[in-house]
There are 2 protein chains.
Amino acid sequence: MDDVVAAIADPVRRQILDMLREGPLPARRIAEQFAVSRPAVSRHLRVLRESGLVRDVPTGRERLYHLDPGPLITLTTWIADLRDAGDRLAGWERRLDALTTEVYRARRDRRRTGTGTGTDTDIDIDIERRENTA
Amino acid sequence: MDDVVAAIADPVRRQILDMLREGPLPARRIAEQFAVSRPAVSRHLRVLRESGLVRDVPTGRERLYHLDPGPLITLTTWIADLRDAGDRLAGWERRLDALTTEVYRARRDRRRTGTGTGTDTDIDIDIERRENTA
DNA sequence: CGAAAGCGTAACCTGTGGGTTACGCTTTTG
DNA sequence: CAAAAGCGTAACCCACAGGTTACGCTTTCG
């Protein structure tokens with residue numbers, strides 16, 4: 001998956017993939033769309049090839065490149081998991097935001113009025129998390 | 001979207017996002033999970049912050065980071081479009097593969113038997129594409 | 001109030017990703 | 001068969017991402 005995301009990271013390579021959405025293209029066709037030199041594009045194509053996002057079919061003296069979005073599936077699922085977590089978190093994150101705001105107010109008050117006058121509620125936040133022994 | 005994919009590109013930053021899936025964490029907690037120095041992690045956090053994938057809530061002397069997978073949506077749709085194109089292409093790519101194979105056979109035969117003996121079918125492939133005046 | 005904790009930033013160093021030119025190989029063409 | 005077309009690779013260069021140490025600032029603690 002590291003290869004794939006690295007491949008996607010470059011704007012030129014992303015544009016190449018966009019280009020191939022409409023069908024296979026020989027290297028020359030791809031290269032002439034960019035301002036950069038042809039060897040540069042050739043190396044971009046190699047990166048895409050090695051990441052599996054693109055496959056080449058040598059055809060005579062040409063090399064036809066065609067798209068293969070298969071390897072992107074791992075990235076997609078990773079993102080999906082992240083999104084799910086985000087949604088799940090949304091609720092108690094809001095609650096946590098409220099809490100921190102509360103603490104702010106409490107502490108500011110405490111400082112302003114000197115050590116608590118007695119009516120001030122003292123809130124302790126203690127965020128426990130299992131040790132993520134990755 | 002360039003920011004987002006660049007942010008995702010680094011393995012450390014990806015792991016940070018994974019960490020935050022289970023809830024907000026102060027910078028220190030995040031940093032101590034990695035072999036790299038704390039300032040390094042701090043800069044990773046900045047990149048994530050500027051890409052919008054993470055938000056920080058200053059809480060006392062700590063800084064609570066929480067996940068925000070929102071910006072990933074653009075990347076997700078881009079990938080989806082790519083996949084759709086790939087699926088749509090699958091059919092006539094197979095046909096094209098068949099064609100190129102055919103051409104191979106034809107050309108090899110032609111070379112082997114000298115200039116076509118007459119029964120040899122000569123296949124011309126002419127892939128036309130609208131100029132993609134990006 | 002001084003010491004320590006928690007973070008971010010600045011300055012600096014290094015590996016590497018991406019660009020260019022030069023070159024070589026195979027396939028088509030005249 | 002020689003010339004040209006189409007690609008890939010090697011060697012080299014440079015900007016920059018990512019790492020480290022040193023430092024400064026704010027907040028908590030004794």
Side-chain angles (χ1 to χ4, degrees), chain A residues 2-3 5-16 24-32 34-51 54-65 100 103-104 106-108 110-112 115 122-127, chain B residues 2-3 5-16 24-51 54-65 100 103-104 106-108 110-112 115-116 122-127:
Chain A
D2 220 13
D3 305 350
V5 63
I8 297 300
D10 187 274
V12 173
R13 287 193 288 263
R14 245 175 301 152
Q15 198 172 338
I16 291 180
L25 283 176
R28 186 186 158 285
R29 280 287 188 187
I30 300 175
E32 71 189 6
F34 295 93
V36 300
S37 70
R38 192 188 54 73
V41 174
S42 186
R43 283 213 325 214
H44 281 302
L45 286 171
R46 169 156 57 152
V47 173
L48 288 172
R49 224 183 306 143
E50 289 175 345
S51 77
V54 134
R55 270 184 295 183
D56 61 321
V57 179
T59 305
R61 68 177 154 180
E62 294 190 333
R63 230 169 219 248
L64 238 52
Y65 283 89
T100 54
V103 172
Y104 270 146
R107 294 210 167 129
R108 194 180 46 209
R110 186 166 49 175
R111 203 186 329 174
R112 208 164 35 179
T115 297
D122 197 350
I123 304 183
D124 272 336
I125 293 195
D126 198 317
I127 299 181
Chain B
D2 219 12
D3 304 351
V5 61
I8 298 299
D10 188 274
V12 173
R13 288 194 287 264
R14 247 175 299 153
Q15 199 172 337
I16 291 180
L25 283 177
R28 186 185 159 285
R29 281 287 187 186
I30 300 174
E32 70 189 5
Q33 294 293 110
F34 294 94
V36 300
S37 70
R38 191 188 53 74
V41 175
S42 186
R43 284 213 326 212
H44 281 303
L45 287 172
R46 169 157 56 151
V47 173
L48 289 172
R49 224 183 305 141
E50 290 175 345
S51 76
V54 134
R55 269 184 296 183
D56 62 320
V57 179
T59 304
R61 68 177 153 181
E62 294 190 332
R63 230 168 219 246
L64 238 52
Y65 282 89
T100 54
V103 172
Y104 269 145
R107 294 213 166 123
R108 195 179 47 208
R110 186 167 48 175
R111 200 181 337 170
R112 207 163 37 180
T115 297
D122 197 351
I123 304 183
D124 271 337
I125 293 195
D126 197 318
I127 299 181

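What's counted below: heavy atoms across the whole structure, side chains too, no hydrogens, waters or symmetry copies. Letters A, B, ... are given to chains in the order of the sequence lines, protein chains preceding strands, and every chain is numbered from 1. This one's a predicted model, so the numbers in the text were calculated from it and none came from an experiment.
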*In chain order, what residues pass the salt bridge (charged side-chain N to carboxylate O under 4.0 Å, His left out) check against Arg14(A), with sequence neighbours excluded?*
Asp2(B)

*So which heavy atom on Arg13(B) is nearest to which on Ala6(B), and how close?*
NH2-O, 3.2 Å

_Rounded distance (Å) that lies between atom P of dT29(C) and atom CD of Glu62(A)_ = 10 Å

_Length of the CD1-C1' vector between Ile16(B) and dC7(C), whole Å_ = 14 Å

*Just jot down the side chain to side chain donor-acceptor pair (under 3.5 Å) partners of Arg49(A), sequence neighbours excluded, or say none.*
Tyr65(A)

*May I ask you to evaluate whether Tyr65(B) reaches the phosphate of dG6(C), defined as a side-chain N or O under 4.0 Å from OP1 or OP2?*
no

Output a table of nitrogen or oxygen pairs between the protein and nucleotides 14-16 of chain D separated by less than 3.5 Å.
none

*Take the protein atom CG of Leu48(B) and the nucleotide atom P of dG8(C), then report the distance between them rounded to whole Å.*
12 Å

*Can you list the stems that include DNA chain C, where a stem is three or more consecutive Watson-Crick or G-U pairs with distances under 3.5 Å?*
C:1-30 with D:1-30

*Go through the structure and list residues passing salt bridge (charged side-chain N to carboxylate O under 4.0 Å, His left out) with Arg43(B), not counting sequence neighbours.*
none

*CG of Asp56(B) to CG of Leu64(B): how many Å apart, nearest 0.5 Å?*
9.5 Å

*Test side chain to side chain donor-acceptor pair (under 3.5 Å) applied to Arg61(B) - qualifying residues, sequence neighbours left out*: none

*Verify, without hydrogens or angle tests, whether Arg29(A) (side chain) and Pro24(A) (backbone) share a donor-acceptor contact under 3.5 angstrom.*
no

*Ignoring backbone atoms, test whether Arg63(B) places a side-chain nitrogen or oxygen under 4.0 Å from the OP1 or OP2 oxygen of dT26(D).*
no

*asked:* How many whole angstroms separate atom CZ of Arg29(B) from atom P of dG6(C)?
replied: 10 Å

Dump every N/O contact between nucleotides 19-26 of chain C and the protein below 3.5 Å, one line per pair.
{"from": "dG19(C)", "atom 1": "OP2", "to": "His44(A)", "atom 2": "NE2", "distance (Å)": "2.6"}
{"from": "dG19(C)", "atom 1": "N7", "to": "Arg43(A)", "atom 2": "NH2", "distance (Å)": "3.2"}
{"from": "dG19(C)", "atom 1": "O6", "to": "Arg43(A)", "atom 2": "NH1", "distance (Å)": "3.3"}
{"from": "dT20(C)", "atom 1": "OP2", "to": "Ser37(A)", "atom 2": "N", "distance (Å)": "2.7"}
{"from": "dT20(C)", "atom 1": "OP2", "to": "Ser37(A)", "atom 2": "OG", "distance (Å)": "2.6"}

_Without decimals, in angstroms, what is the distance between Arg14(B) CZ and dA17(D) P?_
17 Å

*Could I get the full list of side chain to side chain donor-acceptor pair (under 3.5 Å) partners for Asp10(B), not counting sequence neighbours?*
none

*Does the side chain of Arg46(A) get closer than 4.0 angstrom to OP1 or OP2 of dT9(D) through an N or O atom?*
yes

*asked:* What is the separation between atom CD1 on Ile30(A) and atom P on dG6(D), rounded to the nearest whole Å?
replied: 14 Å

*For Val41(A), enumerate each residue passing the side-chain contact (heavy atoms from CB on, under 4.5 Å) test, keeping only those at least two apart in sequence or located in another chain.*
Ile16(A), Ile30(A), Ala31(A), Phe34(A), Val36(A), Leu45(A)

*Residues which pass side-chain contact (heavy atoms from CB on, under 4.5 Å) with Ser42(B), listed by chain and number, not counting sequence neighbours*: none

_Asp2(B) CG to dG18(C) P, straight-line distance once rounded to whole Å_ = 12 Å

_Set of residues satisfying salt bridge (charged side-chain N to carboxylate O under 4.0 Å, His left out) with respect to Arg28(B), sequence neighbours excluded_ = Glu32(B)

*Counterpart residues, salt bridge (charged side-chain N to carboxylate O under 4.0 Å, His left out), relative to Arg38(B) (two or more places apart)*: none

*Give a yes/no on whether any side-chain N or O of Ser42(A) is located under 4.0 angstrom from OP1 or OP2 of dC7(D).*
no

*What's the CG-C1' distance between Leu25(B) and dC7(C), to the nearest Å?*
15 Å

